[in-house]
Every structure is written in C-alpha cells, then in structure tokens.
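Please read the structure below before turning to the comments.
Heavy-atom basis, side chains included; hydrogens, waters and symmetry copies ignored.
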Amino acid sequence: MKLSVLLEGLDYDLLSGSIDTEIKMIRNDSRRVEAGDLFFCIKGAVSDGHTYAKQVLEKGAAALIVEDDIEADFGDCAIVKVRDSRYAMGMISSAYYEHPSKSLKIIGITGTKGKTTTTYMIKDMLDKAGVRTGLIGTIEIITGSETIHAEHTTPESTELHKYLADMVKAGMDACVMEVSSQGLMLDRVAGVDFDYGIFTNLSEDHIGPNEHKSFDEYMGWKAKLFTLVRTGIFNADDEYMDNMTEHASCEIVTFGCGADSDYRAENIRLYNKGGVLGTEFDLKGKMNADIIVDLPGHFSVMNSLAAIAVADQMGVPQAVITDILKEIKVRGRVEMIPISDSFTLLIDYAHNGVALESLLTSLADYKPKRIVSLFGCGGNRARDRRYTMGEASGKYADLSIITSDNPRNEDPQSIINDIKTGMAKTDGKYVEIIDRKEAIRYAIMNAEEGDLIVLAGKGHEDYQEIKGVKHHMDERDLIREILEEEDVTKICGYNNRFC
C-alpha cells in the first residue's frame with residue numbers, strides 16, 4: 001500500500017523521501033521492523049520511539065512517522081512529521097486495514113464499573129438475534145475466527161484495527177468493545193468509527209503514577225468517547241452524567257431508575273434461590289417488559305439497562321433480550337461458584353475501594369447471615385487503594401480475610417500492613433493469611449449457613465504475579481483442589497454442582 005493512501009486525512013509535513021513509497025507493514029515495535037516497513041516513533045511512559053530511529057533505518061524501514069525532529073542519515077526513507085504520533089498511528093492503522101470499523105456496527109462502552117459484564121450481555125443479545133458480534137475487552141478478544149487472551153482493556157491501535165479487520169474477514173456484523181480512559185487518552189481508538197457509546201458510571205480509579213493525574217482528568221478522557229459516537233447511551237442516575245454529556249456531539253439516550261429515563265427500572269426485587277442470587281424488575285419507557293437477571297445487585301440492574309438500551313436501538317427483539325438476561329454469566333463478575341446450598345460463594349473483580357464497597361453494600365441487601373470478604377491489593381500500584389479497600393471491607397463485611405493479590409515486586413506482608421491501616425479506621429474483624437489458596441481454604445472450611453463469601457480482586461485473572469513472573473493461579477482451580485484435599489462432609493451444605 002502506498003504511503004500517500006495511509007496519510008489521507010492527516011495533516012503532516014514530508015521532511016524526506018516520497019509519499020509514493022510502498023509500505024509493506026506498519027510497526028510500533030522497533031524490534032519487529034523489517035525492510036519496507038513503516039515505523040511509528042511514539043513517546044511512551046518508559047521510552048521514546050524517536051531514539052530508535054537510527055536502528056530502524058539501518059533495518060531498511062521505508063517510512064517513519066515522527067513528531068520530533070531526528071538526526072540520522074535518512075537515505076530514501078520517507079520521514080513524515082505529524083503533531084501527534086499516537087493519533088497518526090490510529091488513523092494510519094485504520095487506513096492500512098482498509099477502515100474495518102466502517103464495515104461493522106461498533107459499540108464502545110466506558111465507565112469505571114460494569115464495562116465487562118455489559119459487553120457480554122450485548123454480545124449475547126446480538127448474537128442470538130443473528131447479528132454476528134466480535135468482542136474486545138478486559139478478558140479476551142473474540143474475532144470470529146479466534147479467541148485471544150487480552151493484555152489490555154483497549155489494545156494499541158495497530159492491534160485494534162487488525163482485530164476489527166479480522167472480524168470483517170470472519171463475517172462479523174458488529175463489535176462491542178470496552179473503551180478505557182487510558183485507551184482514549186493514548187488515542188488507541190483513533191480511526192475507529194463508533195456507532196454507539198455507553199456510559200455506565202464514574203468513580204475514582206486509575207489515578208496515580210503513569211495513569212491519570214486527577215479525577216477531573218480521568219473524567220475528561222472518559223467523556224471524549226461521546227465526541228466520537230453517533231448515539232450515546234448514558235446512565236442518568238450517575239452524578240457525573242452532565243459532565244459526560246457537556247461536550248457530547250451525539251444523540252442522547254438515557255437509562256436508570258428515574259422517571260425521565262428512556263429505559264428505566266421500576267419495582268426492583270432481589271431473589272436468593274439455593275445460594276444463587278439474582279434480580280428482577282419492571283422495565284418501562286421505550287420498552288416494557290418483566291426482566292429477570294441471573295446476577296445479583298443493583299449494579300446488575302444498571303448493566304442490564306445499558307445492554308437493553310443498545311440492543312433495542314439496534315432492533316433486537318424483546319424476547320431475545322429477556323431470554324439472554326435470564327441466563328447471563330460473565331467470568332469473574334459476581335460469578336457464583338456453587339459448592340453449597342447453605343452458603344453462597346462468588347468471585348468478583350472488585351479491586352479498589354469504590355468497587356468493593358459497591359459490591360458489598362449491594363450484597364448486603366440479600367440479608368446474608370454474614371458477609372465474608374477475601375481480598376488483597378496489587379503491588380507497585382497506588383498505596384491509597386490498599387487503605388480504601390481495607391476501610392471498605394472493614395465497614396461492610398462481617399469478616400475480612402486479608403491475603404495476597406498480585407504482589408509483583410513488593411513484599412506481600414507490607415501490602416497487607418497497608419490494608420490493615422485502612423481496616424484500623426473501622427471496627428471490622430479480620431484475619432490475615434498471606435497465601436491466597438490457604439485464605440480461600442479458611443473461608444470455605446469456616447463457612448456458616450447463610451454466609452455470603454466474596455473472593456474479590458482477581459475475577460477473570462488466572463495468574464498471580466510475583467517478582468516479575470506470572471504464575472498460574474485460577475481461583476476456580478484452587479477451590480477444586482481444596483475440595484479434593486478436604487473432608488467435604490465438614491463443609492456446610494456441600495454439594496457437587498461445581499466439581
């Protein structure tokens with residue numbers, strides 16, 4: 001493909017070479033550059049791609065995209081200067097893969113909580129309605145031809161547009177994707193032609209070194225999505241909805257519990273059937289139906305409303321929408337692990353204070369005998385998260401089991417000590433068990449009838465990172481191992497539905 005085709009629609013200065021240069025492949029990793037490739041000089045948090053210019057020129061790169069001047073022997077290489085290399089990378093990636101997002105209905109979801117669950121709800125609804133739908137999210141990428149483990153919530157633009165192109169090749173009709181604040185800030189979605197955008201909710205998260213400097217910055221990048229979409233679907237109950245819509249250039253559709261919402265939930269009921277928790281509500285507004293959601297908590301109602309709104313806007317039949325919600329399951333999101341009829345055990349990704357508080361307070365509405373909260377915090381991340389998680393669990397759980405998450409390069413006991421600092425602000429009871437498997441064993445073997453046990457923080461993750469190495473650790477496997485190792489007759493109300 002000629003460089004001139006890739007540059008269409010971009011403002012640039014050609015410093016050297018010709019725009020008629022033929023491009024073999026686009027790269028943002030200097031180690032992978034081969035003769036004839038285009039290389040993006042990106043300024044990253046750790047390194048600056050401009051410093052690799054000489055190296056890729058020696059490898060025979062055909063073109064470089066730069067935003068700073070570089071000193072090197074360019075030869076025949078085309079040097080293209082742009083204002084922002086990241087933005088240019090997204091636009092050029094879209095052009096290189098022949099603008100795949102224009103051939104798909106693209107649904108982007110942003111917010112602090114609920115993105116993952118909502119993406120799966122929407123995908124299942126669209127698939128069942130005959131709209132073949134790919135997915136890009138925190139857990140995995142589904143292209144229609146393969147399923148790939150996700151490294152980032154929103155992939156780098158070079159990868160993102162390739163995944164979209166793979167979906168087009170596989171005959172997909174739509175793609176639902178999680179759009180993180182980092183993805184928006186770093187222009188990972190530049191060049192994506194969004195049809196729908198969804199705002200789930202907003203609370204403090206991802207604020208700290210190498211993330212966002214402040215909550216206002218975090219909120220501002222979230223709001224950017226709604227300058228890129230045709231139709232925005234907003235949680236009208238969230239206190240920051242006006243901030244999200246302030247600069248929006250899209251049609252506005254709302255959901256929530258308020259009387260003015262286009263899709264609203266009324267008469268919300270909770271149910272507990274043999275340790276399985278769920279919700280029911282009356283849907284009113286643009287659609288009227290009795291809704292049963294096989295997931296617990298008020299947040300599940302809100303996620304359902306978001307999915308209902310976009311599915312209805314896309315013409316999915318009402319019967320399909322209601323059927324999917326009755327059977328929805330999402331890995332690591334209030335995921336029930338059915339080992340007992342006498343108590344409830346679930347796994348959830350809640351990994352900060354706000355998310356843990358939301359989860360525990362929602363579960364308290366089911367009136368369990370006790371809420372047992374098992375959690376840790378990641379190493380080499382903002383320490384405030386440890387204090388807030390400790391405080392949230394101390395306030396809203398009857399017993400906290402403090403353990404390890406991903407200690408990374410920190411001492412696990414030091415992390416636990418920070419969590420206990422937050423716990424000390426409450427009168428909550430706790431035990432500390434560094435080894436996560438032993439902590440889970442303690443929770444199961446000491447369960448009481450009517451308990452609700454939450455394993456928080458890991459969710460879908462199937463590893464534990466220690467000193468730079470990821471070791472396999474899936475909580476579902478740990479539970480199976482514990483049940484094999486223990487006398488299951490000692491487990492309150494044990495059954496074999498899980499194993």
Side-chain angles (χ1 to χ4, degrees), residues 109 111-120 135-142 147-155 159 177-178 180-183 205-206 208 210-211 295 299 303 329-337 339 345-356 358-360 373-382 385-386 388-389 392-393 401-410 412 415-416 419 433-441 443-444 453-482 498:
I109 305 177
T112 304
K113 302 185 296 291
K115 296 188 297 296
T116 300
T117 299
T118 307
T119 57
Y120 282 94
L135 182 145
I136 297 174
T138 302
I139 299 176
E140 60 194 352
I141 295 110
I142 303 171
T147 298
I148 305 154
H149 176 76
E151 295 294 333
H152 302 286
T153 297
T154 307
E159 297 174 323
M177 60 185 291
E178 297 182 48
S180 66
S181 56
Q182 288 279 314
D205 197 14
H206 300 293
N210 298 326
E211 294 188 280
L295 293 171
F299 49 82
N303 294 339
K329 296 286 185 294
V330 181
R331 182 177 172 84
R333 270 53 179 185
V334 286
E335 178 187 352
M336 302 291 170
I337 307 297
I339 67 170
L345 175 64
L346 62 86
I347 294 172
D348 191 80
Y349 190 51
H351 60 288
N352 60 48
V354 172
L356 188 58
S358 174
L359 176 64
L360 298 179
S373 169
L374 183 151
F375 70 101
C377 284
N380 304 109
R381 296 293 186 269
R385 183 175 290 184
R386 304 170 192 178
T388 57
M389 286 193 76
S393 190
I401 303 174
I402 309 173
T403 186
S404 292
D405 193 292
N406 291 317
R408 296 185 176 88
N409 292 314
E410 286 196 62
I415 298 172
I416 288 174
I419 293 172
I433 304 172
I434 289 181
D435 185 278
R436 198 167 183 104
K437 179 178 178 180
E438 294 309 310
I440 295 172
R441 187 191 306 275
I444 292 173
I453 303 169
V454 178
L455 312 184
K458 297 297 291 177
H460 63 280
E461 292 181 352
D462 59 2
Y463 65 88
Q464 186 174 50
E465 186 176 345
I466 303 171
K467 297 191 181 305
V469 179
K470 287 185 177 182
H471 304 269
H472 178 77
M473 190 194 76
D474 187 318
E475 289 185 317
R476 298 149 200 82
D477 294 340
L478 297 184
I479 293 166
R480 288 188 181 93
E481 290 170 9
I482 291 164
F498 176 59

Between Thr153 and Ser180, a side-chain donor and acceptor under 3.5 Å: no
Modelled atom types, side-chain donor and acceptor of Asp462 and His149, under 3.5 Å: no
Test log, rule side chain to side chain donor-acceptor pair (under 3.5 Å), inputs Glu178 and Thr138: CA-CA 7 Å; Glu178 297 182 48; Thr138 302; 2.7 Å; yes
Interatomic spacing from CD1 in Ile337 to CD1 in Ile347 - rounded to 0.5 Å: 4.0 Å
Thr403 side, atom OG1; Arg436 side, atom CZ - distance, nearest 0.5 Å: 6.0 Å
Note: Arg386-Glu410 ion pair, threshold 4.0 Å (strictly below): yes
Cationic N near anionic O, under 4.0 Å, Arg476 to Asp474: yes
Residue among Leu359, Ile401, Leu345 satisfying side-chain contact (heavy atoms from CB on, under 4.5 Å) with Val454: Leu359
Ring pair (Phe, Tyr, Trp, His ring centres under 6.0 Å) involving Tyr349 - partner list, sequence neighbours excluded: His351, His460
Can a donor-acceptor pair be found, under 3.5 Å and without considering hydrogens, that links the side chain of [X] to the backbone of [Y]?
X      : Y      : value
Glu335 : Gly332 : yes
Asp405 : Cys377 : no
Thr117 : Gly114 : no

Validation row: Arg333, Ile139 side chains within 4.5 angstrom (heavy atoms): yes
Residues forming a side chain to side chain donor-acceptor pair (under 3.5 Å) with Glu159, sequence neighbours excluded: none
